[in-house]
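A, B, ... follow the sequence lines: proteins, then strands. Residue 1 opens every chain. No hydrogens, no waters, no symmetry mates; every other heavy atom, side chains included, goes into these values.
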There are 2 protein chains.
Amino acid sequence: MIPRRDLLKGSSNSLLLCLLEQQPMYGYQIVKELEVRSQGYFKFKEGTLYPALHRLEKSGLILGKWQMLPNGRQRRYYHITARGQDKLAMEKTQWQDFLAAIKLILQPEPASP
Amino acid sequence: MIPRRDLLKGSSNSLLLCLLEQQPMYGYQIVKELEVRSQGYFKFKEGTLYPALHRLEKSGLILGKWQMLPNGRQRRYYHITARGQDKLAMEKTQWQDFLAAIKLILQPEPASP
DNA sequence: TCTTTTACTTAGACTCGCTATGTATGTCCA
DNA sequence: TGGACATACATAGCGAGTCTAAGTAAAAGA
């Protein structure tokens, strides 16, 4: 199985919002979580993930909060915002529309009788 | 319905190969055909389509042949090659894998008992 | 101590879809 | 005849987003 990660373009935002809707997470955790849940398919690179998170935060769709761990280390936990939830709902719909359009090409409808 | 054409990235090659597998077509026809079949969803721009066709031809996946019309005009008909058919079969599989991975994120599997 | 893992950041390359423009001809209608 | 519109292909340059690659830093484990 060869993952086609270029298919990701345009979907990564939705994936991230979707994860963060389920619970707040930090970057490194997101990478691991995506990999585990997709059974190894998604392996976000840092160069993909962090800029994406920064973009989402800048757009007000997520909010990052630094959190201090007992051992003194810091993690940046991202929470989805209300705007982010609206956006996610919209993107899910758009994703369905896209799939439907693709299906029409791959399996052309027979002409109506 | 707002088409999310950026989802197209990485899928346009497959779409084109898929169309051309069904029958040889020329550029302008492809644009129209995609729009009709997808019920208006896909509206390839020239700046998307023609470079894509050139790339596919350069990779040996399709083959363009100029054809003279009775009225003296020329059209470039593209045919899928054997390599193109192999590639398409592979991309369909990869597309399924991608969908499966997405689904795992959107609808997390319940933990096994 | 040394390696691996955790954790975040960013610069630069590359791909690919888009806008915009150019060329040229055919068709339809007034 | 002239103008508008559809047909038909091409490409330069922009922009968005993913990747490679490198840097920083500290905890955990061998």
### Nearest-Å distance for atom pair CG/P, residues B:L49 and C:dG17
10 Å
### Query
A:G47 near the nucleic acid: base, sugar-phosphate alone, or nothing, with a heavy-atom cut-off under 4.0 Å?
base
## Note on the structure
Closest to the 5' end of DNA chain C, once A:Q74 and B:N13 are matched to their nearest nucleotides, is A:Q74
### Query
Between D:dC19 atom P and A:F42 atom CZ, what is the distance in whole Å?
11 Å
### Query
Got a sec, which residues hit ring-ring contact (aromatic ring centres under 6.0 Å, His included) with A:Y77, two or more places apart in sequence or on another chain?
A:Y26
### Query
Is any side-chain nitrogen or oxygen of A:S12 closer than 4.0 Å to OP1 or OP2 of D:dG17?
no
### Query
Which word best sums up how the rings of A:Y41 and B:F98 line up, parallel for under 30°, tilted for 30 to 60°, or perpendicular for over 60°?
tilted
Please list, one pair per line, the donor and acceptor atoms closer than 3.5 Å that link side chains of residues 47-55 of chain A to other protein atoms, with sequence neighbours excluded.
none

## Note on the structure
Within residues 54-67 of chain B, the residues having a heavy atom closer than 4.0 Å to DNA chain C are B:R55
### Message
What is the distance, to the nearest angstrom, from the CE atom on B:M68 to the P atom on C:dA24?
### Response
16 Å
### Message
I'd like to know if the side chain of A:T81 reaches the main chain of A:L61, judged simply by a donor and an acceptor atom lying under 3.5 Å from each other, with no hydrogens or angles considered.
### Response
yes
### Query
Just wondering, do B:I80 and B:L19 contact through their side chains at under 4.5 Å, heavy atoms?
no
Write down the protein N/O and nucleotide N/O pairs, taken from nucleotides 3-6 of chain C, whose separation is under 3.5 Å; answer none if there are no such pairs.
from: C:dT6; atom 1: OP2; to: A:Y28; atom 2: OH; distance (Å): 2.3
from: C:dT6; atom 1: O5'; to: A:Y28; atom 2: OH; distance (Å): 3.1
from: C:dT6; atom 1: O2; to: A:R73; atom 2: NH2; distance (Å): 2.7

### Task
Return the value, rounded to whole Å, for the distance between atom CD of A:E35 and atom C1' of C:dA7.
16 Å
### Partners meeting side chain to side chain donor-acceptor pair (under 3.5 Å) with B:E57 (sequence neighbours left out)
B:R76
### Query
When you measure from the side chain of B:R76, which nucleotide among C:dG17, D:dC19, D:dA10 comes out closest?
D:dA10
### Task
Could you check how far CG of B:L53 sits from C1' of D:dA8, rounded to whole Å?
12 Å
### Message
In whole Å, I'd like the distance from the CZ atom of A:F44 to the P atom of C:dT9.
### Response
16 Å
### Query
Minimum heavy-atom separation for A:K87 to A:L17, with atom names?
CG-CD1, 4.0 Å
### Message
Check this one for me: any side-chain N or O of B:Y50 less than 4.0 Å away from OP1 or OP2 of D:dC9?
### Response
yes
### Task
With the side chain counted from C-beta on, respond yes when A:H79 and A:L20 share a heavy-atom pair under 4.5 Å apart, and no when they do not.
no
### Contacts of type salt bridge (charged side-chain N to carboxylate O under 4.0 Å, His left out), residue A:E35, not counting sequence neighbours
A:K43
## Note on the structure
Checking D:dA8, D:dT20, D:dA10 against the side chain of B:E46 (C-beta onward), the nearest is D:dA10
